Amino acid sequence: MEDTSPVSAAMHRAKADARASHVTVGELRHLPGGRVETDCSCGMVLTNGPDWSLDEHIRLHRAEARYLAVSQVAPPGMPRLIEVGADRRPG
């Protein structure tokens, strides 16, 4: 039987680093027209839109950050839901 762990150390670190690098900072800004925005610690401004809430944008942003971080350390050849060519992997 193969000795395995549920999550490799590299993937665990990548996910934790992404979580720590993408937190909301400052206060909410209420703009004209019902727009609300806040800042992410990575520098991106997160906002609501005509068809999404601020909460949805924050959740998508964090999910994308985790995906990119884990994708960078995923072992070559691991089956993927989204095929990522070597030339398209995050730098």
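From a predicted model like this one, the values you see are computed outputs, not experimental measurements.
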| task | For the residue pair Met44 and His57, establish whether any side-chain heavy-atom pair is separated by less than 4.5 Å. | result | yes
| field | Shortest non-hydrogen contact between Ala20 and Ser41, atoms and distance | value | O-OG, 4.3 Å
| query | Under a single-linkage definition using a 4.5 Å side-chain heavy-atom cutoff for Ile, Leu, Val, Met, Phe, Trp and Tyr, are Leu68 and Val23 assigned to the same hydrophobic cluster? | reply | no
| field | Shortest non-hydrogen contact from Glu37 toward Val45 | value | OE1-CG1, 3.5 Å
| Quick one: salt bridge (charged side-chain N to carboxylate O under 4.0 Å, His left out) partners of Glu56, sequence neighbours excluded? | none
| remark: Here the gap from Ser71 atom OG to Met78 atom CE, rounded to the nearest 0.5 Å, amounts to 10.0 Å
| message | Tell me every residue that passes side-chain hydrogen bond (donor to acceptor under 3.5 Å, both in side chains) with His12, counting only those two or more places apart in sequence or in another chain. | response | none
| Value rounded to 0.5 Å, distance of CD1 in Ile58 from CH2 in Trp52 | 13.5 Å
| query | Between Asn48 and Arg35, which heavy-atom pair has the shortest distance, and what is it? | reply | OD1-CA, 3.2 Å
| query | In Å, rounded to the nearest 0.5 Å, how long is the span from CG of Asp39 to CD of Glu27? | reply | 11.0 Å
| request: Go through the structure and list residues passing salt bridge (charged side-chain N to carboxylate O under 4.0 Å, His left out) with Asp17, not counting sequence neighbours. | output: none
| Exercise: identify the closest heavy-atom pair between Thr24 and Thr38 | CG2-CG2, 3.9 Å
| request: Check side-chain hydrogen bond (donor to acceptor under 3.5 Å, both in side chains) between His22 and all other residues, then give those that pass, not counting sequence neighbours. | output: His61
| field | With Arg59 via side-chain hydrogen bond (donor to acceptor under 3.5 Å, both in side chains) - residues at least two apart | value | Asp55
| request: Give the minimum heavy-atom separation between Ala18 and Ala69, together with the two atoms involved. | output: CB-CB, 3.8 Å
| remark: Applying side-chain hydrogen bond (donor to acceptor under 3.5 Å, both in side chains) to Arg13 and not counting sequence neighbours gives none
| query | Any idea which heavy atoms bring Leu54 and Leu46 closest together, and the distance? | reply | CD1-O, 3.4 Å
| remark: Value for SG (Cys42) from CZ (Arg62), rounded to nearest 0.5 Å, stands at 10.5 Å
